[in-house]
Asker: 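So that we are looking at the same thing, I have put the structure below in structure tokens.
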Amino acid sequence: MKFKELLQQKNARPYVMAARFGLEKESQRTTFDGQLATTDHPEVLGNRSYHPYIQTDFSESQMELITPVANSIHEMMRYLAAIHDVALRSMNKHEMLWPLSMPPKLPLKDEEIKIAKLDQFEGILYRRYLAREYGKRKQMVSGIHFNFEYDIELVEQLFSAQTEYETIEEFKNILYMKVSRNYLRYRWLITYLFGASPVSESGYFTDREERPKEPVRSLRNSSFGYKNNEDVKVSYESLQHYINDIHRMVENGILSEEKEFYSAVRLRGGKQMADLPKTGIRYIELRNLDLNPFAPLGVDEESLEFIHLFMLYLLWTDEKEAPNDWVATGDFLNEQVALGHPFSQVKLLAEGDRIFAEMDEMIEALGLFRSKKSLEVHRAQLRTPDLTIAGKMWTIIESNSNQELGIIFGKEYQGMAFERPYQLAGFRNMELSTQLFLFDVIQKGVEVELLDEAEQFLKLKHNDHIEYVKNANMTSKDSYIVPLIMENKTVTKKVLAEAGFTVPGGDEFDAIEQAEQAYVKYAEKAFVIKPKSTNYGLGITIFKEGASLADYTEALKLAFKEDSAVLIEEFLPGTEYRFFVLDDQVRAIMLRVPANVVGDGIRSVEALVAEKNLDPLRGTHHRSPLELIQLGDVERLMLKEQNLLTTSVPEKDQIVYLRENSNVSTGGDSIDVTDNFDDSYKQIAIEAVQALGAKICGIDLIVPDKSVKGMKNSRTYGIIEANFNPAMHMHAYPHSGNGRHLTMDVLKMLYPEVFE
């Protein structure tokens with residue numbers, strides 16, 4: 001079968017780089033001084049036996065991170081980054097993930113290496129068998145398993161361009177068997193470029209074992225790594241040979257079960273080996289990638305992009321020996337390369353040059369010019385072994401130690417996960433409440449799919465239970481009409497007033513000319529001008545002591561910028577509080593102080609704002625717990641009321657308010673006061689939200705004196721707004737006070753079974 005010609009067919013060309021990817025990453029949990037962790041798998045992660053993203057491998061200390069299947073390497077790596085963040089932040093705060101494939105120093109006694117404490121006894125029995133058969137110490141090696149599937153569109157186009165095979169299933173099996181054999185034959189190049197286990201630590205080898213002269217390129221990918229016994233022989237000549245050989249060895253007791261077969265390439269048809277005869281090969285699992293200590297996630301996109309190109313090349317190039325001989329030659333060459341010194345020149349330069357030349361030819365023929373750069377980087381490493389990962393590691397280890405390398409990088413990557421604990425790596429462009437919610441979803445083992453990232457639209461799945469969530473708290477628990485009611489401030493006020501709640505009086509205007517005529521009515525009063533239907537405090541201006549016509553008109557313009565209708569309402573005196581109500585309970589109460597700075601008698605308002613904006617909790621577009629303070633038209637109008645300009649220098653300790661409205665989204669400070677509020681006000685908030693028919697709502701109350709008990713039909717409070725998609729991040733990371741984990745409360749409401 002000449003796949004080279006098939007790949008160049010016009011109909012196949014658009015799909016040649018299309019593929020699906022998945023990744024499993026193993027790492028040991030260790031202390032900061034490089035000792036194997038003795039703690040249990042983090043309880044907060046729930047049941048690791050069924051967790052889709054975070055499990056344990058052989059030992060209790062060996063964490064396995066699993067990405068969902070993705071249509072690009074970039075997408076897959078985003079998930080890995082997020083899962084990595086969740087894992088690190090869920091662990092004991094004095095632990096890290098060991099960034100090396102070779103385990104840290106192991107205990108003297110085998111019994112101190114704890115087998116994973118699984119719910120399923122079959123899993124424990126299997127690990128006990130492995131410990132007896134191969135020894136616990138070999139099981140402690142970690143690495144990357146890279147799952148690769150050619151896009152089905154590509155396979156279909158290749159199939160339609162040939163006549164040799166009648167069914168696409170048969171054709172696909174032939175395709176993957178060829179690629180598997182070629183990978184096993186040429187995997188020495190992957191070992192050379194990405195091998196990263198040059199030395200072992202104390203306790204890996206026993207006194208009775210033969211050991212190589214270290215350093216080498218990759219202990220893990222040599223015969224001194226975790227390998228099957230010598231009597232395990234599996235042919236890759238055809239899928240049927242592969243299946244028959246494994247079944248035969250299981251029947252004869254050479255293997256305990258199918259999954260005990262370890263190879264650099266494993267054929268996959270589903271979750272179990274038994275699926276292969278029914279499904280055929282769906283994808284292949286590449287199991288020979290060492291952890292790269294120079295990559296925070298243990299592997300980087302550039303390396304995987306090269307491997308993707310390499311996988312295409314393996315389909316492109318022809319085999320040059322009989323199948324079993326071809327694979328056997330690959331085993332021999334890989335062992336030579338794996339046990340070579342990290343600085344030594346590889347003895348396969350001629351073959352390496354040929355591989356890169358053929359990959360060049362393929363890139364030219366298929367128009368894959370974006371792949372040129374990656375190819376050249378790795379071609380250069382063919383003659384400069386000190387630039388390979390093993391070479392760079394040995395440069396450090398030679399003058400320091402392997403243990404020190406692991407500790408330094410492990411601590412650095414653990415620290416990176418906590419630099420901005422309110423964000424989730426991989427998804428930092430999403431709104432912060434969604435990032436926090438995604439963290440909880442991953443931590444609790446609920447499967448998640450991004451349906452529309454720009455719209456913050458998620459699909460969640462646990463067993464057969466599916467939920468759709470938008471903006472982290474818009475869920476099926478609220479009917480369609482509920483957000484429409486809250487979006488319309490006029491309707492909200494009418495519904496609440498009819499239910500007996502105190503709301504401010506006022507008027508609605510559809511045109512600025514109409515609103516201007518009402519100036520006389522409000523000129524001498526305290527009043528508020530705001531858009532009818534917007535959130536986040538946009539376009540709101542508050543006048544506590546009346547307003548000049550010029551300022552009144554300017555405020556109207558700001559409001560009409562945000563909406564086609566505006567409200568002018570009476571100003572209710574008192575302090576504004578945000579009550580977050582979820583499922584008929586007040587989960588958090590926030591005092592929001594309007595955007596402000598405190599004078600020092602030296603710097604201008606502008607300079608004070610710039611300094612306050614340096615707070616790491618401040619950012620933009622709801623990607624941080626607090627928003628940056630702006631100096632726009634609204635702020636300048638507010639300064640004018642205080643006889644100040646942005647260049648004015650406030651007196652020492654003078655508080656300068658830049659906004660009247662207290663929204664955190666306009667630069668305000670958030671202060672949690674949940675535990676300092678009388679239950680009477682909480683009950684008012686709950687009943688008001690019930691009147692609106694909502695399950696989740698951020699309802700804003702003005703309270704003149706919270707020491708006075710709140711009464712529904714009274715002026716002890718006033719409801720000024722109800723929000724159908726209330727921000728949760730400001731409650732999680734307030735400017736001061738206790739943080740409230742509201743995103744977890746939302747998840748618990750949707751999936752109570754996960755928390756049982």
Asker: Mind listing the closest non-hydrogen atom pair of Met102 and Arg220 along with its distance?
Answerer: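 Taking Met102 first and Arg220 second, the nearest heavy atoms are SD-N, 4.4 Å.
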
Asker: What I'd like to find out is whether the side chain of Leu6 reaches to under 4.5 Å of the side chain of Lys2, using heavy atoms alone.
Answerer: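 Not touching, per the 4.5 Å side-chain cut-off.
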
Asker: Just checking, any donor-acceptor pair under 3.5 angstrom between side chains of Gln435 and Tyr422?
Answerer: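 No donor-acceptor contact under 3.5 Å links the two side chains.
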
Asker: Do we see a donor-acceptor contact under 3.5 Å between the side chains of Asn182 and Glu319?
Answerer: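 Judged by distance alone, the side chains do not pair up.
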
Asker: Start with the C-alpha gap between Asp353 and Arg383, add the side-chain angles, then the distance that decides, and say whether salt bridge (charged side-chain N to carboxylate O under 4.0 Å, His left out) holds.
Answerer: CA-CA 10 Å; Asp353 286 339; Arg383 284 176 167 75; 2.7 Å; yes

Asker: Taking 4.0 angstrom as the limit, do Asp325 and Arg181 come out as a salt bridge?
Answerer: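 Arg181 and Asp325: not salt-bridged.
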
Asker: Please answer whether the main-chain N or O of Glu431 pairs with a side-chain N or O of Gln456 as donor and acceptor at a distance below 3.5 Å.
Answerer: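 Yes, because the side chain of Gln456 sits within donor-acceptor range (under 3.5 Å) of the backbone of Glu431.
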
Asker: For the residue pair Gly195 and Ile389, what are the closest heavy atoms and their distance?
Answerer: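 Closest pair (atom of Gly195, atom of Ile389, distance): O-CB, 3.9 Å.
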
Asker: May I ask you to decide if the ring planes of Phe146 and Phe21 are parallel, tilted or perpendicular, using 30° and 60° as cut-offs?
Answerer: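 Parallel: the ring planes of Phe146 and Phe21 meet at under 30°.
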
Asker: Apply salt bridge (charged side-chain N to carboxylate O under 4.0 Å, His left out) to Arg282 and Asp275, showing your working.
Answerer: CA-CA 10 Å; Arg282 289 185 176 174; Asp275 296 329; over 6 Å; no

Asker: Count the heavy atoms of every other residue, nucleotide or ligand shown that sit under 6.0 Å from NZ of Lys10, and state whether that count exceeds 12.
Answerer: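 No, NZ of Lys10 has 12 or fewer neighbouring heavy atoms, counting only those of other groups under 6.0 Å.
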
Asker: Is there a donor in the side chain of Ser27 and an acceptor in the side chain of Ser142, or the other way round, less than 3.5 Å apart?
Answerer: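 Their side chains do not contain a donor-acceptor pair, so the 3.5 Å distance test is not met.
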
Asker: Quick one: are the ring centres of Tyr176 and Tyr150 less than 6.0 Å apart?
Answerer: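 Close enough - the centres of the two rings lie under 6.0 Å apart.
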
Asker: Honestly, is Arg185 close enough over Trp326, meaning NZ or CZ under 6.0 Å from the six-membered ring centre and within 45° of the axis?
Answerer: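 Yes.
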
Asker: Would you say Asn288 and Tyr183 make side-chain contact, with heavy atoms under 4.5 Å?
Answerer: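 The answer is yes; the side chains approach within 4.5 Å.
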
Asker: Decide yes or no for Phe439 and Thr434: does some side-chain heavy atom of the first lie under 4.5 Å from some side-chain heavy atom of the second?
Answerer: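 When only atoms from C-beta onward are counted, Thr434 and Phe439 do not touch, as no gap falls below 4.5 Å.
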
Asker: Side-chain donor-acceptor pair under 3.5 Å between Trp188 and Glu335, yes or no?
Answerer: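 Trp188 vs Glu335: no donor-acceptor pair found between side chains.
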
Asker: Taking atom NZ of Lys227 as the centre, report whether more than 12 heavy atoms of other residues, nucleotides or ligands fall under 6.0 Å from it.
Answerer: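 Counting other residues, nucleotides and ligands, NZ of Lys227 exceeds 12 neighbours.
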
Asker: Taking C-beta and beyond as the side chain, do Leu312 and Leu7 meet within less than 4.5 Å on heavy atoms?
Answerer: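 Yes - at least one pair of side-chain heavy atoms lies under 4.5 Å apart.
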
Asker: Minimum heavy-atom separation for Ala264 to Leu184, with atom names?
Answerer: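 Result for this residue pair: CB-CD2, 3.9 Å.
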
Asker: Should Ile396 and Ile408 count as side-chain neighbours, where that means a heavy-atom distance under 4.5 Å?
Answerer: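 SC-SC contact between Ile396 and Ile408 ruled out.
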
Asker: Within the supplied structure, the quantity of interest is the number of heavy atoms (other residues, nucleotides, ligands) at a distance under 6.0 Å from Lys347 NZ; does it exceed 12?
Answerer: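 Incorrect, the count does not exceed 12.
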
Asker: Verify the distance criterion only: is there a donor paired with an acceptor across the side chains of Asn221 and Thr191 at less than 3.5 Å?
Answerer: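 Per modelled atom types, Asn221 and Thr191 side chains form no pair under 3.5 Å.
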
Asker: When the ring planes of Phe261 and Tyr242 are compared, do they come out parallel, tilted or perpendicular, using 30° and 60° as the limits?
Answerer: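 Taking Tyr242 first and then Phe261, their aromatic rings stand perpendicular (interplane angle over 60°).
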
Asker: Could you go through Glu24 and Asn147, starting from their C-alpha distance and side-chain angles, then the distance that decides it, and tell me whether this counts as side chain to side chain donor-acceptor pair (under 3.5 Å)?
Answerer: CA-CA 8 Å; Glu24 300 153 24; Asn147 298 321; 3.2 Å; yes

Asker: Between Asp360 and Lys372, is there a side-chain N and carboxylate O pair less than 4.0 Å apart?
Answerer: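 Between Lys372 and Asp360 there is a salt bridge, with a charged N closer than 4.0 Å to a carboxylate O.
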
Asker: So Tyr313 and Tyr186, would you call those rings parallel, tilted or perpendicular, with 30° and 60° as cut-offs?
Answerer: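 Aromatic pair Tyr313/Tyr186 classed tilted.
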
Asker: Any salt bridge between Asp452 and Lys470, counting N to O under 4.0 Å?
Answerer: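 The answer is no: the pair does not qualify as a salt bridge.
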
Asker: Any side-chain heavy-atom pair from Leu100 and Ser197 closer than 4.5 angstrom?
Answerer: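 Leu100 does not reach Ser197 side chain to side chain.
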
Asker: Strictly below 4.0 Å, N to O, side chains only: are Glu285 and Arg268 in salt-bridge contact?
Answerer: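 Looking at Glu285 and Arg268, the cut-off is met.
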
Asker: I want to check a possible cation-pi pair here: Lys392 against Phe294, using under 6.0 Å from ring centre and within 45° of the ring axis as the test.
Answerer: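 Yes, Lys392 and Phe294 form such a contact.
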
Asker: Are a donor atom and an acceptor atom from the side chains of Ser263 and Tyr236 found within less than 3.5 Å of each other?
Answerer: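 Distance-only check passes for Ser263 and Tyr236.
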
Asker: Are Gln28 and Ser61 linked by a side-chain donor-acceptor pair shorter than 3.5 Å?
Answerer: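 There is such a pair between these side chains.
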
Asker: Atom CZ of residue position Phe369 - does it have more than 12 heavy atoms of other residues, nucleotides or ligands inside 6.0 Å?
Answerer: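 Counting neighbours around CZ of Phe369, more than 12 heavy atoms of other residues, nucleotides or ligands fall under 6.0 Å, so yes.
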
Asker: So that I know where these two stand, are Tyr79 and His74 an aromatic pair - ring centroids less than 6.0 Å apart?
Answerer: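 Not close enough - the centres of the two rings lie 6.0 Å or further apart.
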
Asker: Between Ser624 and Arg618, is any pair of side-chain heavy atoms under 4.5 Å apart?
Answerer: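 With C-beta onward as the side chain, the pair stays apart.
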
Asker: Regarding Thr384 and Asp386, do their side chains bring together a donor and an acceptor under 3.5 Å, going by distance alone?
Answerer: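 Result is no, nothing qualifies.
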
Asker: For this output row, return yes or no: ring centroids of Phe148 and His308 closer than 6.0 angstrom.
Answerer: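 Yes.
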
Asker: Do Trp98 and Tyr413 have their ring centres less than 6.0 Å from each other?
Answerer: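 No: the rings miss the under 6.0 Å criterion.
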
Asker: So if I apply the side chain to side chain contact (heavy atoms under 4.5 Å, CB included) rule between Lys25 and each of Leu297, Val299, Leu291, which one comes out positive?
Answerer: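 Going through the options one by one, the only one that passes is Leu291.
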
Asker: With heavy-atom distances below 4.5 Å as the criterion, would you say the side chains of Leu65 and His84 are in contact?
Answerer: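 In short, these two side chains touch, coming nearer than 4.5 Å.
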
Asker: Would Glu351 and Arg354 count as a salt bridge (charged side-chain N to carboxylate O under 4.0 Å, His left out) if you check the C-alpha gap in whole Å, the side-chain angles of each, and the deciding distance to 0.1 Å?
Answerer: CA-CA 5 Å; Glu351 180 163 278; Arg354 176 178 63 79; 3.5 Å; yes

Asker: Does this structure show an ion pair linking Arg379 with Glu376, if we count only N-O contacts that are shorter than 4.0 Å?
Answerer: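 Looking at Glu376 together with Arg379, the answer is yes, because their closest N to O distance falls below 4.0 Å.
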
Asker: Apply the test salt bridge (charged side-chain N to carboxylate O under 4.0 Å, His left out) to residues Glu361 and Lys4: give CA-CA distance (whole Å), side-chain angles for both, the deciding distance (0.1 Å), then the verdict.
Answerer: CA-CA 11 Å; Glu361 173 197 336; Lys4 182 184 295 188; 3.6 Å; yes

Asker: Verify the distance criterion only: is there a donor paired with an acceptor across the side chains of His378 and Glu302 at less than 3.5 Å?
Answerer: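 The answer is yes; a qualifying pair exists.
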
Asker: Can you tell me if Asn429 has over 12 outside heavy atoms packed within less than 6.0 Å of its CG?
Answerer: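 Incorrect, the count does not exceed 12.
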
